[in-house]
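Everything numeric here is computed off the predicted structure, so don't read it as measured data. Letters A, B, ... mirror the listed sequences (proteins, then strands); counts begin at 1.
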Number of protein chains: 2
Amino acid sequence: MIWNNERVDEMSDATIYDIARKAGVSIATVSQVINGKGKISDKRRQEIYRIIEELNYRPSVIASALTGKKTFTLGLLIPDISNPFFAELARAVEDCGSRSRYSLVICSTDNKDDKVSGYLQLLQQKSVDGIIIGTGLEDIGILKPLLNKSIPVVMIAREMPGVQLPTVIVDDYAGGKQAAEHLLELHHQRMAIITEQPKVSSSRERLRGYSDAILSRGFELPDEMVKKTGENLLKDGKSRALELLTDSNPPSAIFCCNDMIAIGTLQAAKELGIRVPEQLSIIGFDNTILAAVTEPALTTLSQPTEMMGSMAVEILIRLSEGESAALERTVLKPDLVIRSSTAAAGNRALDG
Amino acid sequence: MIWNNERVDEMSDATIYDIARKAGVSIATVSQVINGKGKISDKRRQEIYRIIEELNYRPSVIASALTGKKTFTLGLLIPDISNPFFAELARAVEDCGSRSRYSLVICSTDNKDDKVSGYLQLLQQKSVDGIIIGTGLEDIGILKPLLNKSIPVVMIAREMPGVQLPTVIVDDYAGGKQAAEHLLELHHQRMAIITEQPKVSSSRERLRGYSDAILSRGFELPDEMVKKTGENLLKDGKSRALELLTDSNPPSAIFCCNDMIAIGTLQAAKELGIRVPEQLSIIGFDNTILAAVTEPALTTLSQPTEMMGSMAVEILIRLSEGESAALERTVLKPDLVIRSSTAAAGNRALDG
DNA sequence: TTGAAAGCGTTACCAC
DNA sequence: GTGGTAACGCTTTCAA
């Protein structure tokens with residue numbers, strides 16, 4: 001390699017003992033210098049710093065964690081890091097954490113309970129300082145062993161009924177309502193919804209808000225207008241949309257519980273030759289980068305990912321520093337972003 | 001919380017001592033049982049397993065790492081986890097790692113050298129078992145302290161000239177060539193390219209391949225047809241595209257070094273009322289989910305992210321298990337995925 | 001102002 | 001088969 005000619009033999013990383021020996025002091029003194037504790041003469045301090053630089057010494061986080069200090073590592077459980085919404089959320093969490101020198105361990109659970117509990121166990125064994133859960137869970141019993149331990153946990157973008165944990169969430173119910181109201185204002189009457197699996201709390205709430213808003217205006221949301229996807233958001237979204245759109249009495253508007261599903265729906269419409277938004281209005285959720293690049297661009301509900309990520313991290317850090325767990329529940333507002341996938345209700349028969 | 005009524009007081013996690021005490025044996029015995037070493041009578045073994053279950057004991061990875069065992073943690077350096085290409089790559093790495101119970105620490109560097117070296121230091125201090133670098137670097141000197149240490153490193157999707165490290169990469173040069181050839185077959189002559197910053201090795205190679213292919217057909221790639229973005233791929237991509245398209249002699253085709261830039265270019269074209277692909281062909285790179293959802297859908301070069309991720313992890317694990325560092329360099333082939341953003345060269349003046 | 005020593009939770013070697 | 005104990009690299013307390 002390029003540095004062939006240089007010494008690469010001192011491979012073993014220096015320890016506090018090496019520093020102490022070289023400086024002719026005890027390891028306690030070195031430790032104090034590093035942690036800015038105790039009273040060390042300026043001369044010694046300088047000298048020790050010099051040697052630390054010289055040997056490129058960095059204290060082992062592992063060893064220090066073993067003495068009861070933090071690992072400066074956080075865990076993030078999400079369904080899938082390759083889903084842009086969660087990638088954006090992860091980025092927010094990472095950024096906020098790294099400002100305080102925390103690292104982030106990513107755990108993609110695919111919404112599978114066994115993956116969740118596997119990751120949870122792993123994170124515990126690794127003594128992370130906190131865990132952020134942003135994934136759905138069928139059996140909350142899985143959390144029990146974790147909650148008996150001392151690791152702080154906060155929920156992000158998801159909730160578990162029956163488990164009280166600090167939570168940072170968007171008002172999904174209100175979001176569903178806003179979606180419905182936007183559509184109602186555009187005079188849609190036959191409205192459908194495609195949700196995620198029922199174990200995803202956010203989807204449940206969005207459905208509830210959507211449904212309530214429709215019902216309160218005297219319209220209805222019949223069962224055949226409510227569809228659920230499985231694991232594969234894009235593919236299943238498209239299939240469900242196909243089902244809806246080939247119904248004998250198809251909807252003029254579909255609310256998709258996230259942008260991925262909305263894209264699947266867009267593809268279904270395209271495949272059937274249905275024009276969006278003229279013949280069909282589609283509204284998504286999350287306002288990921290995807291929503292901005294489709295044609296037509298998606299009307300969607302935007303989540304403040306930045307804010308959610310940093311709030312979750314801040315709570316976790318406070319908790320891990322021993323602050324009493326004020327069982328906070330922060331509910332942020334989603335924002336309706338109107339683009340080009342929604343328009344006044346048309347009539348497919350006339351229009352098409 | 002829901003489990004209010006139950007004992008939650010034994011908060012302190014059980015240690016090997018608790019198990020040993022309860023089983024009336026020494027910690028050495030417990031350790032041996034856990035690690036399947038030594039000879040322990042079946043009776044004791046069963047009993048110890050039972051107690052482990054009962055106390056929900058899980059050995060501390062921290063403590064075990066301190067005795068020289070692995071941390072079962074890998075680090076991944078990428079420019080930005082919220083960029084779909086890297087999110088997909090991260091997912092591949094995570095999946096492969098988790099099959100062997102490794103966790104993944106994500107580090108978004110924004111292609112900034114100081115972030116890179118900060119993360120590198122952090123990962124070392126945390127004694128990760130290996131580091132995957134998929135981010136550009138201006139000053140490779142930053143890697144020097146790392147390479148002197150004992151942590152295995154592999155490069156993914158990027159290369160550093162002058163640093164020899166095991167590498168898993170796509171043939172970017174060939175990719176650039178394929179892009180050019182596709183465009184040339186469509187009879188384009190005035191062809192442009194928008195690359196990332198020069199410190200991104202993959203962009204440099206794609207440019208080289210593109211340029212070589214064009215030149216070898218007797219056409220040219222004049223300087224004003226070569227643009228570079230900055231940090232913000234989408235925004236800068238759009239600006240650069242705007243510059244190209246408002247040139248007095250605008251290109252009929254633009255090769256964008258990744259899908260994000262291609263989308264910026266698509267937006268620029270839309271803004272100028274230029275029709276794609278009739279008046280302008282656009283070709284991207286990466287084949288992320290984004291390429292499939294734009295309108296028109298992007299012709300792009302697909303990278304085998306799955307394969308790249310798992311190869312990188314496998315090399316790293318082998319290395320961390322002491323296998324001699326065969327300085328492998330795996331070059332995978334990119335695949336041209338033809339969608340709807342490229343077409344035979346038209347004439348904007350006639351056509352528009 | 002400094003250092004000796006205990007302790008953190010494991011593993012591994014060597015006696016018994 | 002089983003257990004005692006040193007060692008891993010660090011922090012912290014207490015004495016000097």
>> How many whole angstroms separate atom CG of B:Asp42 from atom P of D:dG1?
In response: 9 Å

>> Output the rounded distance in Å from CD1 (A:Ile62) to C1' (D:dG9).
In response: 10 Å

> Atom CD1 of B:Ile19 to atom C1' of D:dT2: distance rounded to whole Å?
Replying inline: 18 Å

> Quick one: what's the B/S/- string for nucleotides 10-16 of chain D, heavy-atom cutoff under 4.0 Å, read 5' to 3'?
Replying inline: BBB----

> Under the salt bridge (charged side-chain N to carboxylate O under 4.0 Å, His left out) rule, what pairs show up with a residue in residues 102-122 of chain B, not counting sequence neighbours?
Replying inline: A:Arg91-B:Asp110, B:Asp110-B:Lys115

>> Taking the axis from the first five pairs and the axis from the last five, what angle separates them in the helix from C:dT1-D:dA16 to C:dC16-D:dG1, rounded to 10 degrees?
In response: 50°

>> Would you say that B:Val116 contacts B:Leu77 through its side chain, given a criterion of any heavy-atom pair below 4.5 Å between the two side chains?
In response: yes

> Could B:Glu47 and B:Arg50 be called an ion pair, given the rule that one side-chain N must be under 4.0 Å from one carboxylate O?
Replying inline: yes

>> Please compare A:Ile40 and A:Gly68 by the position of their nearest nucleotide in DNA chain C and report the one closer to 5'.
In response: A:Ile40

> Can you pull the contact range of chain A along DNA chain C, 5' to 3', using atoms under 4.0 angstrom from its heavy atoms?
Replying inline: C:dT1 to C:dG9

N/O donor-acceptor pairs under 3.5 Å from side chains in residues 309-316 of chain B, not counting sequence neighbours:
| from | atom 1 | to | atom 2 | distance (Å) |
| --- | --- | --- | --- | --- |
| B:Ser310 | OG | B:Glu306 | O | 3.2 |
| B:Ser310 | OG | B:Met307 | O | 3.3 |

>> What is the separation between atom CG on B:Leu66 and atom C1' on D:dC8, rounded to the nearest whole Å?
In response: 4 Å

>> Suppose the criterion is salt bridge (charged side-chain N to carboxylate O under 4.0 Å, His left out): which pairs have a residue in residues 125-139 of chain B, not counting sequence neighbours?
In response: B:Glu138-B:Lys199

> Got a sec, which residues hit side-chain hydrogen bond (donor to acceptor under 3.5 Å, both in side chains) with B:Arg21, two or more places apart in sequence or on another chain?
Replying inline: B:Asp18

> With sequence neighbours left out, which residue pairs that include part of residues 55-67 of chain A fulfil the side-chain hydrogen bond (donor to acceptor under 3.5 Å, both in side chains) condition?
Replying inline: none

> Tell me, which pairs form a salt bridge (charged side-chain N to carboxylate O under 4.0 Å, His left out) where one or both residues lie in residues 62-79 of chain B, sequence neighbours left out?
Replying inline: B:Lys70-B:Glu321

>> Suppose the criterion is ring-ring contact (aromatic ring centres under 6.0 Å, His included): which pairs have a residue in residues 22-48 of chain B, not counting sequence neighbours?
In response: none

Under 3.5 Å, which donor-acceptor pairs do the side chains of residues 28-38 of chain B form with other protein atoms, sequence neighbours left out?
| from | atom 1 | to | atom 2 | distance (Å) |
| --- | --- | --- | --- | --- |
| B:Thr29 | OG1 | B:Ser26 | OG | 3.3 |
| B:Ser31 | OG | B:Asn35 | ND2 | 3.4 |
| B:Asn35 | ND2 | B:Ser31 | O | 2.8 |

> Residues in ring-ring contact (aromatic ring centres under 6.0 Å, His included) with A:Phe72, at least two apart?
Replying inline: A:Tyr102

> To the nearest angstrom, how far is B:Arg21 atom CZ from D:dG3 atom C1'?
Replying inline: 16 Å

